[in-house]
Amino acid sequence: MITAVYAALLAVLFVVLSVAVIRQRRRLQVALGSGGHSALQRAMRVQANFAEYTPFALLLLFLAEYSGLAGLWLHLLGALLLLGRLSHAYGVSQEPEPLKFRVIGMALTFSVLLLSALAILVLYVSR
């Protein structure tokens with residue numbers, strides 16, 4: 001059930017990111033694409049990047065939980081994923097972009113992917 005908590009929190013963040021895209025579209029009156037507007041392009045990429053990485057990270061987190069990873073590690077990985085996605089979203093949505101937030105966000109996200117995968121493999125081999 002630990003993964004479910006982080007999935008719920010990340011779902012809320014995804015809705016917030018989606019609403020940001022919708023607001024930009026309405027403000028700029030752009031139905032498809034970015035219409036050449038940098039702010040809309042950034043909002044779209046923040047949302048798309050989230051949709052590209054978060055589901056796989058949550059799947060690995062769930063599989064690690066299902067494999068028996070201790071709750072403390074699951075909370076640590078879940079918190080790192082949430083912080084990573086928040087950092088990335090903040091950094092990419094800014095103009096000019098403070099690159100460190102994007103880099104930190106992706107580093108945390110990649111860390112969760114790799115550490116979850118490693119935990120699953122270690123738990124599998126140890127059985």
For this session: Establish whether Leu13 and Leu108 are linked, either directly or via other cluster members, by ILVMFWY side-chain heavy-atom contacts under 4.5 Å.
Result: yes

Exercise. Do you reckon Leu83 sits in the same ILVMFWY cluster as Val5, going by side-chain contacts under 4.5 Å, direct or chained?
Worked result: yes

Exercise. According to a 4.5 Å side-chain heavy-atom criterion applied to Ile, Leu, Val, Met, Phe, Trp and Tyr, with indirect links allowed, do Trp73 and Leu115 form part of one hydrophobic cluster?
Worked result: yes

Problem set entry | Gln29 atom CD: more than 12 heavy-atom contacts under 6.0 Å | no

Seminar exercise, completed: When rounded to the nearest 0.5 Å, the distance separating OH of Tyr6 from CG of Leu82 is 8.0 Å

Problem set entry | Leu77 to Ser116 - nearest heavy-atom pair and separation | CD1-OG, 3.6 Å

For this session: Determine the minimum heavy-atom distance between Glu97 and Arg42, stating which atoms define it.
Result: OE1-NH1, 2.9 Å

For this session: For Leu60 and Ile120, work out which heavy atoms get closest and say how close.
Result: O-CD1, 3.5 Å

Exercise. Do the non-hydrogen side-chain atoms of Phe56 and Leu113 ever get within less than 4.5 Å of each other?
Worked result: yes

For this session: Could you pull out all residues at least two apart from Glu52 that satisfy salt bridge (Lys or Arg N to Asp or Glu O under 4.0 Å)?
Result: Arg45

Problem set entry | Spatial distance of atom CG (Leu123) from atom CG (Leu118) [nearest 0.5 Å] | 9.0 Å

Problem set entry | Interatomic spacing from OG1 in Thr54 to CG in Leu59 - rounded to 0.5 Å | 12.5 Å

For this session: For residues Arg85 and Gly105, report the shortest heavy-atom separation together with the two atoms involved.
Result: NH2-O, 4.2 Å

Exercise. Phe14 vs Phe50 aromatic rings, parallel, tilted or perpendicular, using cut-offs 30° and 60°?
Worked result: parallel

Problem set entry | Nearest-0.5 Å distance, CD of residue Gln94 to CZ of residue Arg102 | 12.5 Å

Problem set entry | Min side-chain heavy-atom separation Asn49-Val92 under 4.5 Å | no

For this session: May I ask whether Leu74 and Phe62 are part of the same hydrophobic cluster, defined by side-chain heavy atoms of I, L, V, M, F, W, Y residues being less than 4.5 angstrom apart, directly or through others?
Result: no

Exercise. Hey, what do you get for NE2 (His37) to CG (Leu28), rounding to the nearest 0.5 Å?
Worked result: 4.5 Å

Problem set entry | Rounded distance (nearest 0.5 Å) linking atom OG of Ser38 with atom CD of Gln24 | 9.5 Å

Exercise. Do Ile104 and Val46 sit in the same hydrophobic cluster, where Ile, Leu, Val, Met, Phe, Trp and Tyr count as joined when their side-chain heavy atoms come under 4.5 Å apart?
Worked result: yes

Exercise. If you take all heavy atoms of Gly33 and Arg25, which pair is closest and at what distance?
Worked result: O-NH1, 2.9 Å

Problem set entry | Distance-only donor-acceptor check, side chains Tyr53 and His88, under 3.5 Å | no

Problem set entry | Heavy-atom check, side chain of Ser87 versus side chain of Met106, under 4.5 Å | no

Exercise. Does any non-hydrogen side-chain atom of Leu72 lie less than 4.5 Å from one of Leu76?
Worked result: no

Exercise. What are the two closest non-hydrogen atoms of Val21 and Ala43, and how far apart are they?
Worked result: CG2-O, 3.3 Å

Seminar exercise, completed: Only one of Leu63, Leu69, Leu61 passes side chain to side chain contact (heavy atoms under 4.5 Å, CB included) with Thr3, and that residue is Leu61

